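Chain A is the first sequence line, chain B the second, and so forth, proteins listed ahead of strands; every chain is numbered from 1. Keep in mind it's a predicted model, so treat the numbers as computed, not measured.
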Amino acid sequence: MPRTSAVESPGCPPLRVLTADALGLVKVVEARGKAGTPKVVETWGPPDASRCVVAASFADRKKKPILAVARKNGLIDFLNPLTGDAVATIKFGESGSADCAAEGDPIVGLHLFKSRKPESTAMLGVSLICTEKGKACLRSVAKRDAQPDLDTDSQSTWSVCNAGQVLCSSVDGSENYALFGGKRVELNLWDLANCSKLWTAKSPPSNSLGIFTPTCFTAATFLSKDDHRKIVAGTNSHQIRLYDISAQRRPVISVDFRESPIKAVAEDLDGHIVYAGTGSGDLASFDIRTGKLLGCFVGKCSGSIRSIARHPELPVIASCGLDAYLRLWDAKTRQPLSAVFLKQHVTSVVIDSHFSAEESEVVEGPQPVTKQDKREVDKPELCKQRSKKKKRRVDADTNRKKIKVRDAATDALADDDDDDDDDDDGHISF
Amino acid sequence: MGKEKKRKGSCEAEAEAVAERGGGEEKRKKSRTAPSEIKNKEKRSAVHAKLKREKKILKRKQAKARDAAYKKAIELGEEPPEKKVPRTIENTREPDETVCRPDDEELFAGNDADEFSAVLNCGVTPKILITTCRFHSSRGLAFIEELKSVIPNAHDYARGTYDLKKIVEYAKRKDFTAIINVHTNRREPDGLYIIKLPDGPTAHFKLSNLVLRKDIKNHGNPTSHKPELVLNNFTTRLGNRIGRLIQSLFPQEPDFRGRRVVTFHNQRDFIFFRHHRYIFDAKEKKEDSKGKATQAAKGKNLPEKKVIARLQRVEEMKYSMYCCMLATLTTSTPEKECGPRFTLKLISLQHGTFDTKGGEHEWVHKPEMDTSRRRFFL
């Protein structure tokens, strides 16, 4: 018999992942059932290289979730992640900040605020946009059918850095602080309420040979959701650094990892585990308190990792990159769960955590236990055993109906603050 | 069909009978001892030789039976029994979801948008810069000379002590479309970088089995015509990308009068490079004689062979050329081989131009990927 290297895929729990790629396509990957194999269920958008997605952000709410994708040509599309309809499109740089042309100054960072509620019904929400030359912009976005004068009223623009090239940005869990870093740009932290700089990092001293490594941050994130003081950053010189802004300006811990630049970092929910992906396809998890390498995610991945996403409830992480695969891993055991071939260079991945269980339960009718409204809480709750049992297949074509039903249900539940401590672990065992 | 089956059945029965005879002897032997268990070396080798001879005879008999069945079928005007296809590593390649399919719209959209479309679709003439590593050798330089004769519009530059990154910048300014860098180790070329300009990708190949022109017996000399290009077996997405990278080194309108062919043949992830000049007259004669022979043998039920006229239609020529290539790669060559002969193996494909420190890889060969002999990436 020919020896083959097919690995038994344990399958993954029901989840819904959205990816955006270099041809501007947004693909939806869904896994259904107990141990389903994820499949591409929908592809949105025409293939066009100028619409290459450079950044994506997802407001992961139960009510009215929005996916924002920033494209290479300076357009930012706001999509309904359930149906794929474009809710709004803005051209960055055309109004107010006319000096940054989209061609010479591409967008590198995009964040859609989850907790800030839009003032009027015509508004979609607020987003933070950052370009390569350091133009940061807080902008509220109007729906497409709203009056055009609403578009520009609340917009504030400032410059993050004078020289250099911004490569990474991040917004903390409470969405009050933003972080920027890049090539020849030290990490700096900004207060978004009044657009003022709070803190700047300082590069580490030259080493014993007197060699100084030039600053180049390629990835950055906040370590935990409720603390904006601890920052994890990955550098071009394959280092993962932990900064504590209450302690010092230089890194508290700095860990070397292999030989290629750290292209993506993502934090775990527990506040001390960090996932880092490199330019040659290595993915590893670190305990950043001690700087210890917990282990690598081994799975024949050979293309640069561009984006890592952690599921807010299940122990699953998703990684994607230039090898055109979306890979799903078990965060605890570091085993590959599944890999989906997406045909293009995938630039970003987000996980829709409100998939399957909730919707079907709402549709079913009266339920004995009320649920916490997840919009209000930043710390995600474990999903309940009860809801897991009731998991049911959701048809993709009834998505529109579901949104309506879901909205009605959440409105009904909004005043109900019953916090049930049904602490059954929602983690699905594989 | 029924008849054929019967024929097959009878043939099989014959084979079985033969096998039985052989098998019976074997059984007897087995009941005694296996040759490996005999301790006396002379005895052991004698028994082993005997066994081997028997096996050989059996095989020959089977082949004869097969031949006879085939001839009989031809004589009776039936369809000959199907030839068995031997199981090879390529046949039993592991299923791969990244293999390109002709009905894949996204693939074509991606191809239209990639870095090579400027040369392949928009009519930009490729202009290649060839250089060496810092410490080159005479053999490396000879190889570069021959590469220059293979690739039209290639210019070689002395490396000096420039960084490759600086050379990339220079070449971008001078409107080169690609850089080829030949790396030499111990006076033998052993690596090849192909850097597509202006913005990547960069492919790094291991180069082996280099035979220069003067070492090829009875070699031909290439003309300065634009060569035709044959790319074989680049099936997966990665292979498609590598194929397009190689394609973008050559001008897109070959000069068929030159009768020059450059072949990149991929087999089990090794890319074999060959450079030929084919001759139509010789080919024609050969095909004619072959055709006559086969016609005489097989009768009239053969489809009429295409007679290849000289320089009539491009399509026909392409077809003939392809036949030539297949022939040259498997059997003796009716035409002249010229130019170097070497083998490439992909080590890494990098996104963007050459950057060892901060570069992102699209694909790197990692030892953990070598889990099976039947897994190929190109």
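Interface summary for chain B: among A:Pro261, A:Gly303, A:Ala49, the most heavy-atom pairs under 4.5 angstrom belong to A:Pro261. Chain B forms the most heavy-atom pairs under 4.5 Å with one residue out of A:His238, A:Lys343, A:Glu259, and that residue is A:Lys343. Taking B:Glu105, B:His365, B:His351 one by one and counting their heavy-atom pairs under 4.5 Å with chain A, the maximum is reached by B:His351.
The two atoms that bring B:Glu106 and A:Leu23 nearest to each other are O-CD1, 4.2 Å, heavy atoms only. B:Met369 and A:Ser302 get closest at one heavy-atom pair: SD-CB, 4.1 Å. The heavy-atom pair separating A:Ser280 from B:His361 by the smallest distance is CB-CD2, 3.9 Å.
Summarising the local packing, OH of B:Tyr162 is surrounded by 12 or fewer heavy atoms from other residues, nucleotides or ligands at distances under 6.0 Å. Around the CZ atom of B:Phe135, the shell of radius 6.0 Å holds no more than 12 heavy atoms that belong to other residues, nucleotides or ligands. By the neighbour-count criterion of 12 heavy atoms within 6.0 Å, atom NZ of B:Lys345 is densely surrounded, having more than that number from other residues, nucleotides or ligands.
Only the side chain of B:Asp104 has a heavy atom closer than 4.5 Å to any heavy atom of chain A. Contact annotation for A:Leu342: only backbone heavy atoms (N, CA, C, O) come within less than 4.5 Å of a heavy atom of chain B. Neither the backbone nor the side chain of A:Asp21 comes within contact range of chain B; no heavy atom of the residue lies under 4.5 Å from a heavy atom of that chain. Neither the backbone nor the side chain of A:Cys52 comes within contact range of chain B; no heavy atom of the residue lies under 4.5 Å from a heavy atom of that chain. Using a 4.5 Å cut-off between heavy atoms, A:Lys263 touches chain B through its side chain atoms alone.
Considering only heavy atoms from C-beta on, B:Lys366 stays 4.5 Å or farther from A:Val298 through its side chain.
Residues of residues 352-360 of chain B that come within less than 4.5 angstrom of chain A, heavy atom to heavy atom, are B:Lys357, B:Gly358, B:Gly359, B:Glu360 in numerical order.
By the salt bridge (charged side-chain N to carboxylate O under 4.0 Å, His left out) test, B:Glu115 is found to be paired with B:Arg241, residues two or more places apart in sequence or in another chain being considered.
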